[in-house]
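First the structure, in the form of structure tokens, and then the observations on it.
From a predicted model like this one, the values you see are computed outputs, not experimental measurements.
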Amino acid sequence: MRFWFICGLLCLFFSACEKTDPSTLPFTKIYDDQNGNRSFTPLAIAKATLDHGYFVLSAYDGWRIHLMKIDKEGNFEWNLFLPEQYVNASPSILTIDNVLYVVCMDPVQVDTRILRIDEVNRSVSQIAHLEEVTYPIHAHYTGDKLYLLNAPLSSQMMGIHEVGQALDTVVKGGALSISMNVDDLLLKHMMHTGTRWPFYVHSSPEKDLLCVNAFYNYSFSSVFMDSDLQFNGVINGAGLEGGLLAMAPLGQQKFAFARKAGDLVLFNPMLAINPSTVAMATALEAQGDAEIDPTKPVILKDVTHQAVTYKMLIASTRSNQLVLKLYDASGKKVGSRYLSKNVPIKACDAIQTPYGEVLILAQVRVMGSFNRIATIKLTPTNLQELLQP
Amino acid sequence: MRKHWLTLVLIVFASLYSLGQSRKHQYRKDRYFFGIQLGTGFTQPIIGERYSLLQATPESANKTYDKQYGHLFQNSGGIYGLHGSFAFTKLFSVLTQPCFQTQRYSYLTNYHWADTILGGELYKELLHRQKIANLRIPVLARMDFSARRFSPYVQAGLSLDIAYFASQIIYSDNYIDYQVDRKTANPSTLAEMTPHVNKVNVYAVGGAGCTYYREQFAVSLSGNIRYGLRSSINDQNRYADYTGFATEFLDVQDQFNLLNLDLMVTVMVPIHKKW
């Protein structure tokens with residue numbers, strides 16, 4: 001009798017073990033498209049505002065724009081192939097007053113268009129047309145201001161623009177002189193037919209400084225600009241071959257950054273840099289990481305786990321893996337993990353979800369042949385495992 | 001191979017039956033039996049939830065990427081171990097048969113992409129073969145129908161299974177014909193997938209068989225059906241890609257419980273309780 005009682009208890013125990021909420025589990029998803037000639041380049045991922053899902057912005061067939069909605073578990077919900085009148089999306093989905101926006105370009109007028117994502121009707125609608133900002137290449141929302149970086153071809157200049165609250169006018173502008181013709185590089189960047197340059201605009205936590213990665217003064221450089229969009233300082237790259245691959249302002253004139261030196265990626269999770277300086281990127285102290293592929297994006301993001309904020313670096317290795325590294329506030333590496341194997345993979349963006357998870361957006365070459373969008377979710381449990389010594 | 005097994009089983013049954021008819025009752029009460037067992041097991045995954053790494057979109061060729069599992073008799077594995085039992089009465093005994101068992105299961109997936117501009121097409125069919133090696137510790141209650149030398153019986157109980165090693169290999173070819181010939185297909189490396197499986201499982205076991213008893217030994221043929229009460233794949237590690245096959249072969253395990261049909265031969269010797 002006792003034997004069968006124990007057996008019954010065991011059965012109940014193991015049955016109870018099965019009930020795990022699937023939305024709390026990690027996942028890897030690759031979004032299929034039968035068209036072998038179609039190539040997707042994921043650009044950005046952002047949390048949906050109306051539900052628990054996410055939006056993924058991608059480029060396809062060059063600079064055409066693809067928008068996809070996935071649910072909390074990474075399952076495909078719906079997608080949009082935007083019409084040809086919208087191309088060259090900035091690699092960011094902007095959340096402004098709980099509404100999602102995409103910045104892109106009209107291929108004929110070559111000026112900037114701002115599109116609002118209608119999550120209910122599964123559509124996008126143009127809400128602004130900024131004629132004075134041609135060839136936009138990056139957009140950044142600081143929480144109260146929208147900045148656009150553009151590169152008007154033939155001008156040998158790059159522009160930085162602050163957009164008004166209504167998103168329909170430019171209220172402030174600044175310019176960076178390149179002093180050389182980089183039109184071919186810019187066009188290839190925009191059309192996804194050549195090297196994708198790590199253009200970005202970041203604001204410091206104090207919001208008194210903008211860090212702009214752009215062509216400047218015969219080089220690919222990181223320019224510091226003040227709140228009036230005036231030149232403040234610069235970290236010059238070594239011509240077009242050097243410069244910063246990623247940067248994250250930590251506040252109080254401290255920065256985490258990854259830079260390139262020849263074929264090597266170097267990283268420093270925390271370095272004090274005077275934003276009024278004029279310096280060379282090669283002079284910035286950093287630790288080389290020989291396994292990271294310098295031709296693929298390096299992503300620097302904050303991630304919070306159990307009330308502690310870490311700096312997260314995600315990059316692609318030369319051996320077709322993603323590597324994720326966490327650094328604590330002192331700049332010490334506290335954990336690392338490799339993701340995926342054997343097929344070309346490129347990290348494109350990452351966010352921390354409201355549930356403490358890390359959601360990585362990547363490009364995977366399926367069967368070694370087709371560039372497809374992929375999402376990889378790491379749960380708080382995964383992060384905890386990663387942080388264990 | 002299967003024909004040989006059936007022939008062997010029939011011969012042994014027939015000989016035991018003919019011997020059993022001419023013998024007296026066999027004294028079993030208060031006796032221990034110790035022995036060894038050998039056998040084969042067939043495995044069938046009973047799918048609870050399907051998972052796919054590749055997500056279907058309106059632009060996909062397929063709307064689902066469900067795996068096609070091989071049937072029970074395509075998934076055979078070996079069993080070898082020990083036998084120990086104690087007969088409380090002449091008809092009722094309790095036994096354990098700790099053993100090593102290999103469970104195998106396989107499934108097919110296929111994919112197709114077409115280049116609508118240049119005309120190129122890619123077909124991929126993949127045969128995924130998995131092997132799970134277990135240490136099995138069953139505890140069964142057995143009821144014999146006869147006290148004679150030739151005694152059919154039924155048995156039931158629970159088994160604690162500890163998976164100590166699991167591996168996977170994938171064969172691929174370029175034709176979608178719902179079969180992959182392992183002799184000609186391109187194999188992947190053999191990859192360990194132990195972290196992907198739940199290491200501890202409890203199986204409900206039920207079966208039948210017959211034993212032929214002699215004074216110095218006994219031989220038993222039995223068949224058991226075993227069903228895993230716990231799912232076999234670790235949910236937390238499903239996408240962790242320990243094999244490296246996730247993005248390369250678009251492989252992720254479904255959630256399933258394993259059903260086994262085990263056929264075993266046991267040879268044992270009796271030892272009286274009062275040594």
Side-chain angles (χ1 to χ4, degrees), chain A residues 3-4 6-8 10-15 17-18 20-22 24-38 68 70 74-79 81 320-321 337-345 362 364-370 372-379 381-382 385, chain B residues 48-49 51-62 65 94 111-122 124 126 139 141 156-158 160 172 188-189 191 198 200-204 228-231 234-250 252 255 257:
Chain A
F3 170 77
W4 292 111
I6 292 169
C7 294
L10 275 171
C11 293
L12 282 174
F13 170 75
F14 281 101
S15 302
C17 287
E18 302 306 307
T20 310
D21 178 4
T24 64
L25 298 174
F27 64 71
T28 302
K29 305 279 182 180
I30 299 173
Y31 303 91
D32 190 28
D33 189 316
Q34 191 201 0
N35 297 311
N37 47 289
R38 190 168 282 167
M68 179 173 67
I70 59 174
N75 299 313
F76 174 86
E77 288 194 334
W78 54 270
N79 63 358
F81 291 84
N320 290 328
Q321 286 191 286
R337 177 175 173 171
Y338 293 92
L339 301 164
S340 185
K341 281 177 193 170
N342 299 340
V343 291
I345 186 167
V364 174
R365 192 168 296 169
V366 172
M367 298 294 164
S369 305
F370 312 110
R372 294 291 179 262
I373 304 161
T375 53
I376 302 168
K377 186 176 88 174
L378 301 178
T379 63
T381 308
N382 297 140
E385 289 165 357
Chain B
E49 201 163 347
Y51 290 86
S52 172
L53 201 88
L54 208 58
Q55 286 286 297
T57 69
E59 291 72 41
S60 303
N62 301 336
Y65 295 97
V94 169
Y111 307 97
H112 170 220
W113 291 272
D115 188 327
T116 52
I117 295 175
L118 300 174
E121 290 194 273
L122 177 64
K124 276 278 180 186
L126 307 168
V139 178
L158 290 174
L160 177 69
S172 62
S188 69
T189 55
N198 282 321
V200 179
N201 208 333
V202 171
Y203 280 71
L229 298 178
R230 193 179 181 208
S231 54
N234 185 332
D235 279 322
Q236 290 291 340
N237 290 339
R238 171 168 284 105
Y239 290 98
D241 195 18
Y242 293 108
T243 58
F245 293 161
T247 47
E248 186 178 7
F249 295 110
L250 305 171
V252 63
Q255 192 53 282
N257 297 35

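- Only the side chain of A/F370 comes within contact range of chain B, with at least one heavy atom under 4.5 Å from a heavy atom of that chain.
- Counting only heavy atoms from C-beta outward, the side chains of A/D32 and B/Y111 never approach each other to under 4.5 Å.
- Looking at A/R365, there are no atoms closer than 4.5 Å to chain B (heavy atoms on both sides), in backbone or side chain.
- Residues A/K29 and B/L53 fail the side-chain proximity criterion, which asks for heavy atoms closer than 4.5 Å.
- Residues passing the salt bridge (charged side-chain N to carboxylate O under 4.0 Å, His left out) test with B/E49: none are found, sequence neighbours excluded.
- Chain B forms the most heavy-atom pairs under 4.5 Å with one residue out of A/I345, A/I70, A/N35, and that residue is A/N35.
- Of the atoms belonging to B/A61, heavy atoms from both backbone and side chain fall under 4.5 Å from chain A.
- Taking all atoms of both residues into account, the shortest heavy-atom contact from A/N37 to B/A114 is OD1-O, 4.0 Å.
- Judged by distance alone, with hydrogens and angles left aside, the side-chain atoms of A/K341 form a donor-acceptor pair with the main-chain N or O of B/Y242 at under 3.5 Å.
- Within the 3.5 Å criterion, the main-chain N or O of A/F76 finds a donor-acceptor partner in the side chain of B/Q55.
- Neither the backbone nor the side chain of B/A204 has a heavy atom closer than 4.5 Å to any heavy atom of chain A.
- Between A/T28 and B/V252, the closest side-chain pair of non-hydrogen atoms is not below 4.5 Å.
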